[in-house]
Each structure stands twice: as structure tokens, then as C-alpha cells.
Amino acid sequence: MAAPSAEERRRLYSLQDEIASKIVLEDRFSEEVVAGVDQAFISREDGREMVVSGAVALDPSLSLISKSWAVLETSFPYLPGLLSFREGPAAVEAIRRLEAKPTILFVDGCGVNHPRRAGLASVIGVTLEIPTAGVSKNVLCGTFDPPDRVGDASPLVYEGERVGYVLLSKKRCRPIVVAPGTGVSVESALDLARRYLRDHKLPEPCFAAHQHVNDVKSRILSGEFSF
DNA sequence: GCGACAG
DNA sequence: ATCTTGTCGC
């Protein structure tokens, strides 16, 4: 995967600035269709790398409404701060293939807790005009005081702004990070993450999407699915 | 210059 | 993310 030139990077940064300018940090979501999306990768023998995205749509009681997936050839390397250019296209396509349009979508990755306020969750949300929340297992940027009791959360601050929360979601697990993508306030991002937590480290929509995409990946590798 | 760095 | 078996703990 060719690393982008300094000039190309500047162009991508301006694209992120454009996305960031369209982010809404106010609540504009409902919970009729609660979805989750996640990506996995496949390295083929011929050297090509594929991105597999899996999306799941659940109703308020977490019953499955619909699943979808999409596969595209990778066209960008992994670079901190530029993840959306690697995983965004496949994720957007998978979400478009869901039977029901999500009214709130959980994305594996950052939201506004990003150097240019344009993490994957924000990019997907602005692109598809869907309220989104970003959930990540590691901090890309920002500082915080580690929460020490299950259920506790500490503000994640970046450049003097509260961009998300670090939440201790489960015993014997490292805390997770939750932040608005767009169409969700910082407080609601935390509330949503807490309310959709069940018996796993990640909120159920994220967990379900992760299981789904890995299932799709294994079926592709076994030849059951083709594209 | 050095370290950090979503997935 | 991915490479990978067993293993410790609830």
C-alpha cells in the first residue's frame, strides 16, 4: 500500500476539515434502529488485501432486524489519524445495504476525539447523514484520569475540549473510549454506550457487528461466500 | 530530536 | 487489524 505523499496528506487533511465542519454535537437521534458496523481484513495469496465490513441493525430490545456486508480491495494503508480512508468506503457500502436505515449507529473507531475532529464514526455519520457514536479500545489523542470502578467514566480532553469519555465497561478489562461521531452530544455518547452494554466489554451493537464481520470473513475464506 | 499513534 | 495455543480466572 503506497504511503501518501506530504502533498496528498495535506489534501486528505482538508477533506477531514470539511467533514468536521459538518458535525453536529447535539442530539438528533432516536433508537428505533440501533446499528453497529465493524471491519476485518483478508490478505490474499496474490498480494491483494481486502476490507470486509459487516453491519447489523437491531431493534430497541436488541433483536436482529437485518445484517449486511461488503468487500472492497484495500486502497490505503493504516495510518493513525487517517483510518477513515482505509475502512470508510467498505463500511459505508455495508451500511447502505442494510434493509433499515440506522437511526443511531455505533462505529468501531474514533469520532470527534480525533486530531482534526474527523474520526471514522464522524466520516460515516456525515456521509450517510446518520447519527453516530464512536467506540474504541485505545486512545488516539487526548488525556484523562483513569476510571477505577466498573461503570465509572472520566472525561477525555483534547486541546482543552471534552471530546468524549473513557469508560470502565467491565471487570478485568481495560476501559473503552466513547465519543460523538455526529448527531449525538458528548453526554449522550456516554449514555448510549452505557445503556447498550450487556455482558461484554463493548456495547452490544459493536459486539454483534464484530462477531458478524468475522463470521463473514471465515465464510469467504472457506469458499461459502464469493464476490 | 523523541515519543505517541483508532484499526 | 493480523499472526496464534494454551492457559489462568471468574
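Throughout, a chain's letter reflects where its sequence line sits, starting with A, and its residues are numbered from 1. Bear in mind that the values here come from a model prediction, so they are computed numbers and not experimental data.
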(request) Check whether the aromatic ring of A:Tyr78 stacks on the base of C:dA1, taking stacking as ring centres less than 5.5 Å apart and planes within 30° of each other. (result) no

Between atom [atom1] in [X] and atom [atom2] in [N], what is the gap in whole Å?
{"X": "A:Phe76", "N": "B:dA6", "atom1": "CZ", "atom2": "P", "result": "15 Å"}
{"X": "A:Asn214", "N": "C:dC3", "atom1": "CG", "atom2": "C1'", "result": "14 Å"}
{"X": "A:Leu167", "N": "B:dA6", "atom1": "CG", "atom2": "P", "result": "19 Å"}
{"X": "A:Tyr158", "N": "B:dA6", "atom1": "OH", "atom2": "C1'", "result": "13 Å"}
{"X": "A:Arg86", "N": "C:dT2", "atom1": "CZ", "atom2": "C1'", "result": "10 Å"}
{"X": "A:His210", "N": "C:dT2", "atom1": "NE2", "atom2": "P", "result": "7 Å"}
{"X": "A:Arg44", "N": "C:dA1", "atom1": "CZ", "atom2": "P", "result": "22 Å"}
{"X": "A:Met1", "N": "C:dT2", "atom1": "CE", "atom2": "P", "result": "15 Å"}

May I ask you to decide whether [X] forms a salt bridge with [Y], counting only side-chain N to carboxylate O separations under 4.0 Å?
{"X": "A:Arg86", "Y": "A:Glu49", "value": "yes"}
{"X": "A:Arg48", "Y": "A:Glu73", "value": "yes"}
{"X": "A:Glu129", "Y": "A:Arg28", "value": "no"}

(message) Under a 3.5 Å threshold, yes or no: a donor from one side chain and an acceptor from the other, between A:Gln39 and A:Ser53?
(response)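 Checked: A:Gln39/A:Ser53 side chains pair up, N/O donor to acceptor below 3.5 Å.
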
(message) Does either side chain, that of A:Glu18 or that of A:Tyr13, offer a donor lying less than 3.5 Å from an acceptor on the other one?
(response) no

Which part of the nucleic acid, if any, lies within contact of [X], taking any heavy atom under 4.0 Å across all strands shown: a base, the sugar-phosphate backbone alone, or nothing?
{"X": "A:Leu82", "result": "base"}
{"X": "A:Lys137", "result": "sugar-phosphate"}
{"X": "A:Val139", "result": "sugar-phosphate"}
{"X": "A:Gly81", "result": "base"}

(message) Under the criterion salt bridge (charged side-chain N to carboxylate O under 4.0 Å, His left out), I'd like the reasoning laid out for A:Glu8 against A:Arg11: C-alpha separation, chi angles, the key distance, then a yes or no.
(response) CA-CA 5 Å; A:Glu8 174 67 353; A:Arg11 189 179 73 77; 3.0 Å; yes

(message) Tell me whether A:Arg194 forms a cation-pi arrangement with A:Tyr165, defined as NZ or CZ under 6.0 Å from the six-membered ring centre and within 45 degrees of its axis.
(response)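 The answer is no; the distance or angle limit is not met.
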
If you only use heavy atoms from C-beta on, which nucleotide in [options] is closest to the side chain of [X]?
{"X": "A:Leu140", "options": "C:dA1, B:dG7, B:dC5", "result": "B:dC5"}
{"X": "A:Leu120", "options": "B:dA6, C:dC10, C:dA1", "result": "B:dA6"}
{"X": "A:Pro80", "options": "B:dG7, C:dC10, B:dA6", "result": "B:dA6"}
{"X": "A:Lys217", "options": "C:dT2, C:dC10, B:dG7", "result": "C:dT2"}

(message) Would you say A:Asn138 places a side-chain N or O within less than 4.0 Å of OP1 or OP2 belonging to B:dG7?
(response)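 Looking at the OP1 and OP2 atoms of B:dG7, one of them is under 4.0 Å from a side-chain N or O of A:Asn138.
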
(message) Dot-bracket for DNA chain B, please. Rules: Watson-Crick or G-U, both distances under 3.5 Å, ( ) within the strand, [ ] when a pair crosses earlier ones, | for another strand, . otherwise.
(response) .......

(request) Select from A:Arg172 and A:Gln39 the residue whose nearest nucleotide in DNA chain C is closer to the 5' end of that strand. (result)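 Residue closer to the 5' terminus by nearest nucleotide: A:Gln39.
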
(request) Kindly assign one of parallel, tilted or perpendicular to the pair A:Phe207 and A:His200, based on the angle between their ring planes and the thresholds 30° and 60°. (result)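 Parallel: the ring planes of A:Phe207 and A:His200 meet at under 30°.
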
